[in-house]
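First up is the structure itself, then whatever we jot down about it.
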Amino acid sequence: MTKILVAGFKGRMGATATHMVLKNADFELVGVYDPIATEKDLAEITEFAGQHAPVFNQLEATLAAKPEIWIDFTIPKAAVANTQFALEHQISPVVGTTGFTADDIKNLQALAKQQKVGGLIAPNFSLSAVLMMQFSKQAAKYFPDVEIIEMHHDNKLDAPSGTAIKTAEMLAAVRGDKPQGNPDEKESIPGARGANYAGVRIHSVRLPGLIAHQQVQFGGIGEGLTIRQDTYDRESFMTGVALACRKVRATDQLYDGLEYLL
Ligand SMILES: NC(=O)C1=CN([C@@H]2O[C@H](COP(=O)(O)OP(=O)(O)OC[C@H]3O[C@@H](n4cnc5c(N)ncnc54)[C@H](OP(=O)(O)O)[C@@H]3O)[C@@H](O)[C@H]2O)C=CC1
Ligand SMILES: O=C(O)C1=N[C@H](C(=O)O)C[C@H](O)C1
């Protein structure tokens, strides 16, 4: 059985991941972590009644549970330090928290290599999102004029989403740095044209009722192509999280995208 610890277990994603670990017979939930948790046992929380696992509120204390995998759905500021902590202690990180900078990832990859520990940082664990990004990259070869519209629930802290940033990076690898729109355009209200990543505009919508959705919209002469992905339930991320938990121990590097493990 693979011994797993979940950081951020009270959050929307952390709680879903905790249920996923409990449901899989080849996984053992050895602990959960939240620095402000006051409970001692997971079962004290109503939605986990009857499910026992130690609750940790100190990073160092988690080592007593001897986790092999560290699942992280927390906040960017914490997740970078958590991932570093996991790697330093030979625990494989499976990180879904978004907001890592390119430098954060580079430094953590160097640490993973030095420690010979495998892991994954993925801005999106859903298969449809991975395909949406790959199809978009393919389309950008023929349609370099493109904008991204990402739409999320209104409790999301970061904008643009990690998925939108990764999509923009993948588009830039194909289309280069090319400004989108009229070179003489002026914003009469600042922000009207969205964020700018290598010339690709990213528009972030935040509304109640949404979970996670993204539209990559290409324009050509007299034609258009829209590649859209919709997340209707956070369960959809769990196939990818479980797959990563099963595969990362067999590698000795820190990957930055679920596609590397599929
Ligand atoms: N990769 C993917 O497929 C997906 C990634 N995400 C990303 O996952 C992250 C979490 O999203 P979501 O679950 O919606 O957010 P939530 O706000 O629901 O959950 C975040 C949790 O992290 C806890 N937390 C805060 N600080 C720390 C810390 N230092 N150590 C451990 N836990 C901490 C919070 O606890 P408290 O409230 O007590 O402060 C909270 O329970 C976001 O970055 C989001 O973008 C989301 C969906 C899919
Ligand atoms: O916060 C979310 O909900 C999500 N965050 C990730 C992101 O920032 O891309 C993944 C997904 O979009 C849901």
What's the verdict on side-chain contact (heavy atoms from CB on, under 4.5 Å) for I149 and V205, showing C-alpha distance, side-chain angles and the deciding distance? CA-CA 7 Å; I149 305 159; V205 177; 4.2 Å; yes
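- Grouping the Ile, Leu, Val, Met, Phe, Trp and Tyr side chains by contacts below 4.5 angstrom, directly or via other members, places L63 apart from V32.
- Clustering ILVMFWY residues whenever any of their side-chain heavy atoms sit less than 4.5 angstrom apart, transitively, puts I202 in a cluster other than the one holding L207.
- To the nearest 0.5 Å, the span separating NE2 on H89 from CD on Q84 amounts to 10.5 Å.
- Under a 3.5 Å cut-off, the side chain of T231 and the backbone N or O of A212 do form a donor-acceptor pair.
- Of the charged side-chain nitrogens involved, none lies within less than 4.0 Å of a carboxylate oxygen, so that D184 and K186 do not count as a salt-bridged pair.
- Here the CG atom belonging to L87 is positioned 14.0 Å from the NZ atom belonging to K113, to the nearest 0.5 angstrom.
- Under a 3.5 Å cut-off, the side chain of R201 and the backbone N or O of G194 do form a donor-acceptor pair.
- Side-chain atoms of Q215 and R228 include a donor-acceptor pair closer than 3.5 Å.
- For the pair Q180 and P144, the tightest heavy-atom approach, listed with the atom from each and the gap, is OE1-O, 3.8 Å.
- When all heavy atoms are compared, the tightest approach of F56 to A61 is CE2-O, 3.3 Å.
- A donor-acceptor contact closer than 3.5 angstrom links the side chains of Q214 and T167.
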Could you go through the side-chain contact (heavy atoms from CB on, under 4.5 Å) check for N82 and T74 one step at a time? CA-CA 9 Å; N82 290 351; T74 60; 4.0 Å; yes
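- By the salt bridge (charged side-chain N to carboxylate O under 4.0 Å, His left out) test, E88 is found to be paired with no residue, residues two or more places apart in sequence or in another chain being considered.
- Crowding of Q58 atom CD: a count of heavy atoms from other residues, nucleotides or ligands under 6.0 Å not exceeding 12.
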Donor-acceptor pairs under 3.5 Å, side chain of residues 254-262 to any protein atom, not counting sequence neighbours: which ones?
residue	atom	partner	partner atom	Å
Y255	OH	Q253	NE2	3.2
E259	OE2	K166	NZ	2.9

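- Defined by atom type and a distance below 3.5 Å, a donor-acceptor pair is present between the side-chain atoms of D104 and T101.
- You'll find the side chain of P67 stays beyond 4.5 Å of the side chain of I4, heavy atoms only.
- Counting heavy atoms from C-beta on, the side chains of W70 and S92 never come closer than 4.5 Å.
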Does the pair F85 and E60 meet the rule for a side-chain contact (heavy atoms from CB on, under 4.5 Å), with working shown? CA-CA 9 Å; F85 173 83; E60 288 288 334; 3.7 Å; yes
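- One hydrophobic cluster, built from ILVMFWY side chains closer than 4.5 Å, holds both F27 and F237.
- For the salt bridge (charged side-chain N to carboxylate O under 4.0 Å, His left out) condition, the pairs that include at least one residue of residues 17-33, sequence neighbours left out, are K3-E28, K23-E235, D26-R246.
- Looking at H52 and L42, their side chains never come closer than 4.5 Å, going by heavy atoms from C-beta outward.
- With T251 contributing its side chain and K247 its backbone, the two residues share no donor-acceptor pair below 3.5 Å.
- Here the CZ atom belonging to F48 is positioned 7.5 Å from the CZ atom belonging to F9, to the nearest 0.5 angstrom.
- With salt bridges taken as basic N to acidic carboxylate O contacts below 4.0 Å, one links D158 and K156.
- Minimum heavy-atom separation, P123 to T163: O-OG1, 3.5 Å.
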Given salt bridge (Lys or Arg N to Asp or Glu O under 4.0 Å), test E39 with K10 step by step and report yes or no. CA-CA 11 Å; E39 301 83 0; K10 291 186 183 183; 3.1 Å; yes
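- A salt bridge links R193 with E147: the closest approach of a Lys/Arg side-chain nitrogen to an acidic carboxylate oxygen falls below 4.0 angstrom.
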Could you please spell out the steps behind the side-chain contact (heavy atoms from CB on, under 4.5 Å) verdict for V117 and D252? CA-CA 5 Å; V117 180; D252 58 1; over 6 Å; no
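- Looking only at side-chain heavy atoms (C-beta outward), S136 and L171 come within less than 4.5 Å of each other.
- For the pair V80 and K77, the minimum side-chain heavy-atom distance is 4.5 Å or more.
- The backbone N or O of A112 lies less than 3.5 Å from no partner atom in the side chain of Q115, so there is not a single donor-acceptor pair.
- Remark: F73 CZ to R234 CZ distance equals 11.0 Å, nearest 0.5 Å.
- The line from OH of Y33 to CG of N57 is 8.0 Å long, rounded to the nearest 0.5 Å.
- In this structure the side chain of I69 never reaches within 4.5 angstrom of the side chain of L5, judged on heavy atoms.
- T18 OG1 to I71 CD1: the interatomic distance, rounded to the nearest 0.5 Å, is 7.5 Å.
- Between the side chain of E185 and the backbone N or O of G181, no donor-acceptor pair lies under 3.5 Å.
- T97 and P76 make their closest contact through CG2-N, 3.6 Å (heavy atoms, listed as atom of the first residue, atom of the second, distance).
- Residues M238 and V241 are in side-chain contact: their nearest non-hydrogen atoms beyond the backbone lie under 4.5 Å apart.
- Hydrophobic clustering places L127 together with L120 (ILVMFWY residues linked when any side-chain heavy atoms are closer than 4.5 Å, directly or through intermediates).
- Looking at Q217 and V146, their side chains never come closer than 4.5 Å, going by heavy atoms from C-beta outward.
- The two atoms that bring L59 and T62 nearest to each other are O-OG1, 2.5 Å, heavy atoms only.
- Connection of F100 to V94 is not established within any shared hydrophobic cluster, with ILVMFWY side chains joined at heavy-atom distances below 4.5 Å, either directly or through further cluster members.
- Checked for salt-bridge contact, K178 and D145 meet the test: a charged N lies under 4.0 Å from a carboxylate O.
- Exactly one of H153, Q229, H152, M151 qualifies for a side-chain contact (heavy atoms from CB on, under 4.5 Å) with H213. That residue is M151.
- No donor-acceptor contact under 3.5 angstrom links the side chains of H19 and Q51, judged on distance only.
- In this structure, the side chain of N196 engages the main chain of G199 through a donor-acceptor pair within 3.5 Å.
- Summarising the geometry of G219 relative to F143, their closest heavy-atom pair is O-CD2, 3.9 Å, with the distance given to 0.1 Å.
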